[in-house]
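We count ligands from 1, going down the list as the structure has it; atoms in each ligand are counted the same way.
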Amino acid sequence: MASVAVRPLRLGVMASGSGSNFENLVTACRRGELAAEVRQLVVNNPGCGAQQRAERLGVPVGVLDHRGFQSREALDAALVETFRSAAVELVVMAGWMRIVTQRLIDAFPDRLVNIHPSLLPSFRGARAVEQALQAGVRLSGCTAHLVRLEVDGGPILIQAAVPVLEGDDAASLAKRIHRQEHRILPAAVALAALRLGLLQNAQG
Ligand code: GAR
């Protein structure tokens with residue numbers, strides 16, 4: 001989605017794992033496909049792939065290990081503080097494998113976007129790709145949506161369908177779903193920002 005801004009939209013990203021969606025967002029911004037800049041990554045798993053990618057890409061990365069916090073609220077309060085310090089305007093959960101609380105949602109109202117590897121509302125929660133295979137669906141996919149307290153339950157921004165092929169296992173299906181996530185997540189961020197007036201359409 002073509003979009004322009006007076007200055008780049010300041011993004012924060014949360015990740016727990018390999019970080020391919022995080023890197024794809026950074027690349028989309030740097031190529032000018034998204035009028036934004038990833039100002040801050042936060043990871044909860046020290047040394048995870050996302051952290052390594054941030055170090056290679058020169059994106060500031062904070063490590064907030066959930067094991068060191070008393071509660072989900074305490075972790076989310078630290079996330080809010082980190083993103084506020086970086087003057088972040090919109091936050092993307094790109095493979096964030098922790099349940100978030102109202103503390104984070106209230107700090108970024110309609111400014112918190114999640115990517116999930118299923119066609120919601122089917123297969124919420126963890127291991128969505130495995131759930132889809134177990135259910136025997138012929139069509140899966142991914143969903144970018146705004147975050148609400150109900151896990152994977154917020155308003156849908158964009159979805160992409162991915163057929164389940166004969167002989168697919170979790171790894172092969174997840175790989176094809178990832179390709180679609182990389183396509184829709186930058187567009188969903190632009191859509192969320194356009195709705196809030198944080199970006200303008202290139203067409204005016
Ligand atoms: C993505 O497939 C994302 O949809 C999923 O984690 C993966 C992270 O990949 N998120 C969830 O399952 C959240 N419930 P990445 O680290 O390569 O971006």
Nearest to atom 9 (O) of ligand 1, what protein heavy atom do you find, and at what distance? His178 NE2, 2.9 Å

Output all residues satisfying side chain to side chain donor-acceptor pair (under 3.5 Å) with Arg53, sequence neighbours left out; order by chain, then residue number. Glu23

Near His116, which atoms of ligand 1 are under 4.0 Å from a heavy atom of that residue? 4 (O), 13 (C), 14 (N)

For atom 3 (C) of ligand 1, grab the closest protein heavy atom and report residue, atom and distance to one decimal in Å. Glu181 OE2, 3.5 Å

State whether the side chain of Arg111 and the backbone N or O of Glu89 hold a donor-acceptor pair below 3.5 Å, judged by distance alone. yes

Is it the side chain (CB and beyond), the backbone, both or neither of Met97 that lies under 4.0 Å from ligand 1, heavy atoms counted? side chain

Got the closest protein heavy atom to atom 5 (C) of ligand 1, with its distance? Pro117 CD, 3.8 Å

Do any heavy atoms of Ala15 fall under 4.0 Å from ligand 1? no

Do NZ/NE/NH1/NH2 and the carboxylate oxygens of Arg7 and Glu37 come within less than 4.0 Å? no

I'd like to check whether Ser20 has a polar contact with ligand 1, where a contact means an N/O of the residue lying under 3.5 Å from an N/O of the ligand. yes

Do any N or O atoms from the side chain of Ser172 and from the backbone of Asp168 form a donor-acceptor pair under 3.5 angstrom? no

Joint cluster assignment, Val42 & Leu9, ILVMFWY side-chain distance < 4.5 Å: no

Quick one: which ligand 1 atoms are inside 4.0 Å of a heavy atom on Ile115? 3 (C), 4 (O), 10 (N)

Atom 16 (O) of ligand 1: which protein heavy atom is closest, and how many Å away? Gly19 N, 2.7 Å

Calculate, to the nearest 0.5 Å, the distance between atoms SG and NE2 belonging to Cys142 and His182 respectively. 9.5 Å

What atoms of ligand 1 come within less than 4.0 Å of a heavy atom belonging to Gly95? 6 (O), 8 (C), 10 (N)

Do NZ/NE/NH1/NH2 and the carboxylate oxygens of Asp76 and Arg98 come within less than 4.0 Å? no

Less than 3.5 Å between some nitrogen or oxygen of Asp152 and one of ligand 1, yes or no? no

Applying salt bridge (charged side-chain N to carboxylate O under 4.0 Å, His left out), name anything that partners Arg148, two or more places apart in sequence or on another chain. Asp110

